[in-house]
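Taking it in order: structure first as structure tokens, then the write-up.
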Amino acid sequence: MNNIKRYLVTSALPYANGPIHIGHLAGVYVPSDIYTRYLRMKGLDVISVCGSDEHGVPITLKARKEGVTPQEIVDRYHELNKKAFADFGIAFDIYSRTSGKVHYETASEFFRKLYDDGEFTEKTSEQYYDEEAGCFLADRYIMGTCPHCGNENAYGDQCEKCGTSLSPNDLINPHSTVSGSKPVLRETLHWYLPLDKYEPWLKKWILEDHKEWKANVYGQCKSWLDQGLHPRAVSRDLDWGVPVPVEGANGKVLYVWFDAPIGYISATKELTPDWEKYWKDEETKMVHFIGKDNIVFHCIIFPSMLKAEGSFILPENVPANEFLNLENDKISTSRNWAVWLHEYLEDFPGKQDVLRYALCASAPETKDNDFTWKDFQARNNNELVAILGNFVNRTLILTGNYYEGKIPEPGTTTPGDDAVLKEIGKIKDNVETSLESYRFREALKEAMNLARLGNKYLADEEPWKVVKTDPERVKTIMNVALQITANLTIICEPFLPFSMEKLRGWININELDWNKAGSTVLLPAGHVINKPGLLFEKIEDEEITRQTEKLLATKKANDTAGSKATPSKDPITFDDFSKIDIRTATILEAEKVPKTTKLLKLKIDTGIDVRTIVSGIAEYYEPADIIGRQISIVANLEPRKIKGIDSQGMILMAEDRDGKLVMVTPAQNVGNGSMIK
RNA sequence: UGCGGGGUGGAGCAGUGGUAGCUCGUUGGGCUCAUAACCCAAAGGUCGGGGGUUCGAAUCCUCCCUCCGCUACCA
């Protein structure tokens with residue numbers, strides 16, 4: 001793409017039903033912020049838009065659960081998240097929301113244009129309807145008995161017990177989780193975007209014209225396109241969202257995935273009356289920053305919508321990141337396994353840049369990555385403090401000691417000085433190359449090399465020694481070191497905006513022009529600097545321990561207090577119960593079933609006979625450890641072939657909330673074959 | 001079981017055909033301006049294993065082992 005006149009940067013709209021955590025920041029907002037700041041510093045025309053995604057079923061259910069309106073839910077998280085972004089210096093030009101008036105108009109117009117152009121197809125289908133609550137039910141809000149395993153708490157889309165994927169019609173005895181009533185099937189009309197129609201040009205546009213996209217993005221698009229695309233519904237039966245702007249479409253709203261990306265357009269409209277320049281001019285370069293869960297929407301569906309509308313440009317790149325784990329475990333809002341931005345700032349006030357740095361340095365750019373507090377501490381102590389902070393500190397202290405804060409006049413430079421000064425420009429170029437190819441980890445490392453260069457220069461030149469013999473020479477040395485420092489304030493600015501602002505204050509300049517980076521006269525001789533402080537401070541072990549203990553407490557809470565027992569099953573007669581023959585037995589032999597991860601083949605003595613049982617406990621018990629253990633079994637269960645082995649019965653296991661299995665063993669050893677009743 | 005992504009010095013990673021590299025850690029030295037920070041040097045790798053292609057393979061092909069995610073088996 002040549003002739004780029006302006007940039008439009010979008011960052012995934014966070015869903016307004018929870019706070020923002022480090023995973024969001026590392027994957028989307030830190031990279032987008034670095035990129036935006038860099039472009040702005042170059043003096044380019046760039047706007048960065050974001051906002052809250054506030055529609056969809058989960059928000060209505062959360063509202064119902066808390067007894068408030070959906071609007072109250074989204075108001076709460078919109079404000080919280082807006083503030084969190086602002087606190088971390090994420091430099092959006094606007095943080096809008098999809099419940100706003102402009103968005104309603106924009107989304108309606110967009111839909112209406114496609115509708116009038118005949119871009120949608122219509123289809124009537126039967127869906128479950130909750131008569132008591134007066135609403136249609138999304139699959140996962142219907143529960144019933146799983147036809148495969150008999151689990152009575154299976155969801156309409158999947159049984160979590162046996163893992164089978166289901167459709168609501170498969171469920172025995174379905175009931176609504178909203179009102180508890182029995183839903184009925186009802187006909188409903190919806191509009192569909194025929195993605196299959198766009199397949200040919202999508203294939204060309206992505207697979208041929210955008211081979212430069214990141215491997216994870218390109219690969220996922222390719223797999224979608226290879227599988228073939230299908231029409232997707234763009235409307236839903238719901239009372240929370242943008243109403244479908246068509247006669248007789250009462251009670252129908254735009255499906256949230258259709259509505260949300262249009263939020264980028266509405267946000268731009270709110271920001272500037274010139275919004276069309278950014279969305280409809282071929283000389284605008286649009287870049288979407290997202291997480292990997294959003295690839296299909298931003299690379300396939302939204303471009304299809306834009307293409308169908310006809311007057312919009314398409315994204316130039318979609319640098320999606322993978323996911324961030326926390327201390328070796330998936331980040332999870334419901335399990336409270338996360339570092340929340342607002343909590344981080346309470347524990348580490350003023351240390352926004354430290355988190356920004358740690359997250360950028362180990363951002364999940366090419367594969368899922370792990371955030372650990374130990375790594376966070378090491379990044380701070382060994383890199384920010386020891387390399388960057390230390391260089392700045394030694395330079396400024398020496399300048400204070402020798403020249404009372406006045407920049408010395410340089411004399412003749414040595415070839416060594418010249419090489420170092422030239423290196424500044426090279427580092428600047430390297431950072432640019434990395435940033436423009438969305439390699440933020442590399443860019444950051446390269447920026448830090450400038451501080452490394454500075455430390456090495458001081459160590460090589462030893463001004464504290466030379467000052468005793470050749471004070472004139474020291475003036476040149478310190479001038480060079482100061483020019484490096486001034487360059488740091490520009491080159492590190494996109495990554496560490498808070499610290500660099502502080503540093504600019506100390507050296508008393510206000511230069512934010514990226515193009516000036518590489519200059520060796522940013523600080524003119526005679527310029528007076530202010531009294532410096534410490535740019536970063538060490539983080540002690542105790543602070544890290546406090547954080548890991550906090551997480552440990554969360555784990556514990558998840559294990560015990562949070563575990564609510566599932567409701568009891570329907571009553572049975574004593575007769576029913578006595579049909580089950582439960583006995584004690586002893587394990588004689590145990591071995592892993594080859595090519596499986598969970599199965600053990602056990603030979604057990606039931607008192608009646610010696611038989612084989614296959615059991616899914618291999619993840620919790622080593623074969624060698626359980627030989628000789630007494631257990632409980634269901635003795636009269638129909639035999640069943642598992643992995644080709646006849647399994648005669650079933651071992652009783654207690655299963656906790658995480659699915660961990662524990663053997664049910666008599667409190668004292670009793671004879672094999674004793675009845676349990 | 002299927003699909004996808006990994007396996008490179010103690011740890012974390014880069015490197016897709018031509019002398020194996022970075023950060024941290026370790027050891028030794030230097031410096032003492034600096035938040036015990038900084039600088040230099042050294043030790044440490046048969047690049048998961050076998051086979052193949054090639055003048056030449058961490059890099060290409062093939063088989064296998066192993067780890068992670070999803071998936072399956074777990075009455």
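To find a chain, count down the sequence lines: A is the first, B the second, and so on, and within it residues start at 1.
Pairing for G9(B) is absent, judged as Watson-Crick or G-U wobble with the two contacts each under 3.5 Å. For U54(B), there is no paired base (Watson-Crick or G-U wobble, both distances below 3.5 Å). Using N1 to N3 plus N6-O4 or O6-N4 for Watson-Crick, or N1-O2 and O6-N3 for G-U wobble, each under 3.5 Å, G4(B) pairs with C68(B). Figure legend. C74(B) is base-paired to no nucleotide; pairs are counted as Watson-Crick or G-U wobble with both atom distances under 3.5 Å.
F391(A) comes within 4.0 angstrom of no nucleic acid atom, judged by non-hydrogen atoms across all strands. Counting any heavy atom pair closer than 4.0 Å across all strands shown, I651(A) reaches no nucleic acid atom. Note on K538(A): a base of the nucleic acid sits closer than 4.0 angstrom, heavy atoms only. Within the 4.0 angstrom heavy-atom criterion, only backbone atoms of the sugar-phosphate kind lie near N382(A); the bases stay farther away. Within the nucleic acid shown, A386(A) comes within 4.0 Å of sugar-phosphate atoms alone, with no base atom in reach, counting heavy atoms only. Using a 4.0 Å heavy-atom criterion, one finds that E383(A) contacts the sugar-phosphate atoms exclusively.
Pairing each heavy atom of I290(A) with each of A12(A), the nearest pair is CG2-CB, 4.1 Å.
Contact check on K475(A) versus E472(A) returns a salt bridge, with a Lys/Arg side-chain nitrogen under 4.0 Å from an Asp/Glu carboxylate oxygen. A salt bridge is absent between E442(A) and K445(A): the closest approach of a Lys/Arg side-chain nitrogen to an acidic carboxylate oxygen does not fall below 4.0 angstrom. Salt bridge K422(A)/D418(A): absent, no basic N to carboxylate O contact under 4.0 Å. Between K203(A) and E199(A), at least one side-chain nitrogen of the basic residue sits less than 4.0 Å from a carboxylate oxygen of the acidic one, meeting the salt-bridge criterion.
For L398(A), the side-chain atoms get nearest to C33(B) when compared with the rest of C33(B), C24(B), U35(B). For E462(A), whose side chain is taken as the heavy atoms from C-beta onward, the closest listed nucleotide among A37(B), C31(B), C38(B) is C31(B). Side-chain proximity of L534(A) to the nucleotides U35(B), C40(B), C33(B) is greatest for U35(B). Residue V385(A) has its side chain nearest to U35(B) when only A75(B), U23(B), U35(B) are considered.
Contact annotation: K445(A) side-chain N/O to U23(B) OP1/OP2 distance is not under 4.0 Å. For C33(B), the OP1/OP2 oxygens have no side-chain nitrogen or oxygen of K465(A) closer than 4.0 Å.
Atoms CD1 (I484(A)) and P (C38(B)) sit 16 Å apart, rounded to a whole Å. Put simply, CZ on R439(A) is 12 Å from C1' on G15(B), counting in whole angstrom units. Remark: P of C38(B) and CH2 of W464(A) are 13 Å apart, rounded to the nearest angstrom. Between R379(A) atom CZ and G25(B) atom P the separation is 12 Å, expressed in whole Å. Here A11(B) presents its P atom at 20 Å from CD of Q377(A), a figure rounded to the nearest Å. Separating the CD1 atom of I295(A) from the P atom of G5(B) is a distance of 13 Å, rounded to the nearest angstrom. The CG-C1' distance, from L444(A) to A14(B), rounds to 15 Å in whole Å. One can place CG of N381(A) at 20 Å from P of A34(B), the figure rounded to the nearest angstrom.
With C1' as the reference atom, G4(B) and C74(B) are 24 Å apart, rounded to whole Å. One P atom belongs to G7(B), the other to G12(B), and the distance between them is 12 Å to the nearest Å. Taking atom C1' in both A43(B) and C55(B), one finds a spacing of 34 Å when rounded to whole Å. As rounded to the nearest Å, C24(B) and A20(B) have P atoms that lie 23 Å from one another. For the C1' atoms, the distance from G45(B) to C22(B) is 14 Å, rounded to whole Å. Using P as the reference atom, C47(B) and G9(B) are 10 Å apart when rounded to the nearest Å. Spacing between G15(B) and C73(B) at atom C1', rounded to whole Å, works out to 40 Å. Here the separation of G50(B) from U66(B), taken at their C1' atoms, is 15 Å to the nearest Å.
Both R441(A) and L384(A) sit near RNA chain B, but only R441(A) has its closest nucleotide nearer the 5' end. Comparing Y402(A) and N455(A) along RNA chain B, the residue whose closest nucleotide (by nearest heavy atom) sits nearer the 5' end is Y402(A).
Note: Y457(A) and F391(A) fail the aromatic proximity criterion, with ring centroids not under 6.0 Å apart. For Y357(A) and F495(A), the ring centers sit 6.0 Å or farther from each other.
With hydrogens and angles ignored, the 3.5 Å screen pairs no side-chain donor or acceptor of T606(A) with any backbone N or O of A585(A).
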